[in-house]
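What you see is a predicted model; the values in this text were computed from it and never measured. Per chain, numbering begins at 1; letters A, B, ... match sequence-line order.
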4 protein chains.
Amino acid sequence: MPKLGMEPIRRASLIKATIAEIGHAGTLEVTVSRIAKRAGMSSALAHHYFGSKEALFLAAMRHVLTLYGAEVRGALAAAEGPEARARAVIRASFSPANFRREVVAAWLNFYALAQTRPEARRLLRVYQRRLLSNLTDALRPAQGPRAPGLARQIAVMIDGTYLHAALGSEAPDGAATGAMIEAALAQALQGGDA
Amino acid sequence: MPKLGMEPIRRASLIKATIAEIGHAGTLEVTVSRIAKRAGMSSALAHHYFGSKEALFLAAMRHVLTLYGAEVRGALAAAEGPEARARAVIRASFSPANFRREVVAAWLNFYALAQTRPEARRLLRVYQRRLLSNLTDALRPAQGPRAPGLARQIAVMIDGTYLHAALGSEAPDGAATGAMIEAALAQALQGGDA
Amino acid sequence: MPKLGMEPIRRASLIKATIAEIGHAGTLEVTVSRIAKRAGMSSALAHHYFGSKEALFLAAMRHVLTLYGAEVRGALAAAEGPEARARAVIRASFSPANFRREVVAAWLNFYALAQTRPEARRLLRVYQRRLLSNLTDALRPAQGPRAPGLARQIAVMIDGTYLHAALGSEAPDGAATGAMIEAALAQALQGGDA
Amino acid sequence: MPKLGMEPIRRASLIKATIAEIGHAGTLEVTVSRIAKRAGMSSALAHHYFGSKEALFLAAMRHVLTLYGAEVRGALAAAEGPEARARAVIRASFSPANFRREVVAAWLNFYALAQTRPEARRLLRVYQRRLLSNLTDALRPAQGPRAPGLARQIAVMIDGTYLHAALGSEAPDGAATGAMIEAALAQALQGGDA
DNA sequence: AATGAATGAGGATTCATTCAT
DNA sequence: GATGAATGAATCCTCATTCAT
């Protein structure tokens, strides 16, 4: 019997290395060799497991989006009350795990990738739609017909914040950023009630 | 017979072609040859005028940012009253000239470029700072200490909207988008007054 | 529990798969992996049994030539009289077993292989020599000194026909082809007698 | 004004080098780099002029076939009388220019190539058809309905001879070979008349 | 016996850039 | 000013082959 069960380990290593490398370089123009080296293997093995550079990129995207989705789901489960649910989504978006320089850089580059690769675009669209529906569902009980508009507004602010963070030089401050958006939300809610 | 005064024309052609090509490809991975061909000259000439691919990209960025800045300035000059000035900035951001698929795609890619190239980063920072100060200045008379926060909120929404637009499949609708942000602004102002 | 006696079975599978794969691809540029997969095993096992890709190719060649040789011998044994013996050789060359698209393609590629690999060349030479002596022996009783020339003429026609068949789009028609050569032979004999 | 008119020179060099390299290696598995080096340039330039390895191979094939066609046409023009015309075709096929080890090896590999590449197959088919019609036309005046069969017989012998020559170790002897086929032809004609 | 794991070597292709004219 | 010519360096990808289990 041969050495077995390496595949999932290698795949995970490669995905992690891909995100790290893209984050580090700030570009999608990273070579498969670099990624493989960071993951501790030959580039040939990377191709063996993923078939192509693009497939590797897409897997990395899927991974980031999956992690994010899981975090949002977890936060939603723990939240009680509509407003709390909306805040939970925001907070998850800026949790330390997601809102790291590295991941933010990768995220931005995935947006760029989505311009060219249909599959990447599809993935991001799914993410957007889910984010939007999560927010809308959370806001509807209290805001009724204003919910979709508010949800969009918040979604746009989350993405815009990522964009800004990608430009900052220091490590992005998730807490502060989240607070800002939550404040905007609070104000919006308050304004609406007035 | 060397044609005199060709330089500025050639440079402009190349910059325009660069933006068009990046917008069309949705990537920075466009070749100098393609750009040059679109501009109706040899790639060698492109190098002659700009020295390197990177320099050409930066010039294109500068061009986009300059156009945008001019538009904002124009709108500001025509606006009367603080709120009108804030709305003017928003509207300029989504004017037909700026908020085209092509330009949006280029813009997004410039953000990605800024991750790697300090000069690109510098340019985008200047743009951000100016946008922010324009908005803050416009809002301060009526909002006082709330102005910076509101300004940041709007700025983030503008950028977030660009990001979203880059993902959409149809031509982005500047009017609708601008209206959404203006509505958010109005609400924020109203909420603040309450 | 190691299965005993698998070796000959595995080897035969691999040889068959090699011919099939070359025939199917029309090239020697088939990978060991593909061959092994077609034979239902891992490429590592193929190497275990044959040591190298080249050795596998040579074994496949040997197989084809051996089959052909057997067929010729069988036909000769059944033939009575000089002319019948010559016709038997021709017929064997275009028997359904040998004159299949797949085998013809492999055959042609083996000729190409013989350009580079001495062992492959040696094998083909042996085949040629045998074919020639079979024909010569068959023709000598009736044709005397003309036998060698006639034999060569027929041999050349057989090989040329394979070449043509390799180019045809439909499955090659062994019966018709053999008939043509036999007719040529008959004419030659008749012409000689005249 | 730049250095001009290199293209045809380079293309010719590359085609010549391709044939030489294939002939020398006896395989299509020659690298573009080797070909380019033999032609005295970088492999990048080879790609610049031909676009791909396959295109280069096809151009080389076309060249060989064109040369052959020209030689046949020349020989036909000089021949007087039906039989002489048929002999001319044969002789041209074994002229020193065409029947060189190198070219024969390339020829054989082109046949192998034709198994995979439709364009290569098309080219060879054109060659075959032309050869056949040349021979048929030459033979019809004297042989009438027997012409097509005879033509095919000769064509097959020509190709078979190339195959045999590819296997020989010494430089192939065009004169002797041609003579053999001509003898076969003569005999066939004589036989037919009988 | 058998195979998944792993890689080194190599090859086609691309491209920014330089240069001679 | 302008360009065809030319290339070095890189990158993705493939594959025969080896090895540990």
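One atom, CZ of Phe50(D), and another, C1' of dT14(E), lie 18 Å apart when rounded to the nearest Å. To the nearest angstrom, P of dA6(F) lies 13 Å from CZ of Arg11(D). In this structure, Leu14(A) places its CG atom 10 Å from P of dA6(E), rounding to the nearest Å. Here dG11(E) presents its P atom at 12 Å from CD of Glu21(D), a figure rounded to the nearest Å. Nucleotide dT13(E) holds its P atom 10 Å from the CG atom of Leu56(D), rounded to whole Å. Rounded to whole Å, the distance from CE on Met6(A) to C1' on dC19(F) is 15 Å. With rounding to whole Å, Ile35(C) atom CD1 is found 14 Å from dT17(F) atom C1'. Lys37(A) places its NZ atom 13 Å from the P atom of dC12(F), with the value rounded to the nearest Å.
When the side-chain nitrogen and oxygen atoms of Arg10(A) are compared with OP1 and OP2 of dG4(E), none of them lie within a distance under 4.0 Å.
Mapping Lys53(B) and Leu45(C) onto DNA chain E by nearest heavy atom places Leu45(C) at the nucleotide closer to the 5' end. Between Ala44(B) and Ala44(D), the residue anchored closer to the 5' end of DNA chain E is Ala44(D), taking for each the nucleotide with the nearest heavy atom. In this structure, Glu54(C) and Glu7(D) both approach DNA chain F, and ranking their closest nucleotides by distance from the 5' end singles out Glu7(D). Comparing Thr31(A) and Glu29(C) by the nucleotide of DNA chain F whose heavy atom lies nearest to each, the residue mapping closer to the 5' end is Thr31(A).
Across all strands shown, dA12(E) forms a Watson-Crick or G-U wobble pair, both distances under 3.5 Å, with dT11(F). Base-pair partner of dA1(E): not found among the strands shown (Watson-Crick or G-U wobble, both distances under 3.5 Å). Using N1 to N3 plus N6-O4 or O6-N4 for Watson-Crick, or N1-O2 and O6-N3 for G-U wobble, each under 3.5 Å, dA20(E) pairs with dT3(F).
Expressed to the nearest 0.5 Å, how far OH of Tyr49(C) lies from CG of Leu56(C) amounts to 13.5 Å.
Here dT7(F) is the nucleotide among dC19(F), dC19(E), dT7(F) with the atom lying nearest to any side-chain atom of Met41(D). Minimum atom distance to the side chain of His47(A) is reached by dC12(F), of the listed dC12(F), dA2(F), dT7(F). You'll find that the side chain of Ser43(D) is closest to dT13(E), out of dT13(E), dT7(F), dC12(F).
The number of heavy atoms from other shown groups lying within 6.0 Å of CZ (Arg34(B)) does not exceed 12. Residue Arg38(B) places its CZ atom among more than 12 non-hydrogen atoms of other residues, nucleotides or ligands, all under 6.0 Å distant.
Counting non-hydrogen atoms under 4.0 angstrom, Tyr49(D) reaches the backbone sugars and phosphates but no base. Residue contacts shown for His48(A) are absent, as no nucleic acid heavy atom lies under 4.0 Å away. Across all strands shown, Ser42(A) has heavy atoms under 4.0 Å from base atoms, whether or not it also approaches the sugar-phosphate. Within 4.0 Å (heavy atoms only), Ser52(C) reaches sugar-phosphate atoms of the nucleic acid but no base atom.
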What do the steps show when you test Leu14(A) against Met41(A) for side chain to side chain contact (heavy atoms under 4.5 Å, CB included), and what is the final call?
CA-CA 9 Å; Leu14(A) 280 167; Met41(A) 70 193 83; 3.7 Å; yes
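Salt bridge annotation for Arg122(A)-Glu119(A): present, with a cationic side-chain nitrogen under 4.0 angstrom from a carboxylate oxygen.
A perpendicular orientation is assigned to the rings of Trp107(A) and Tyr127(A), their planes being inclined by more than 60° (bins at 30° and 60°).
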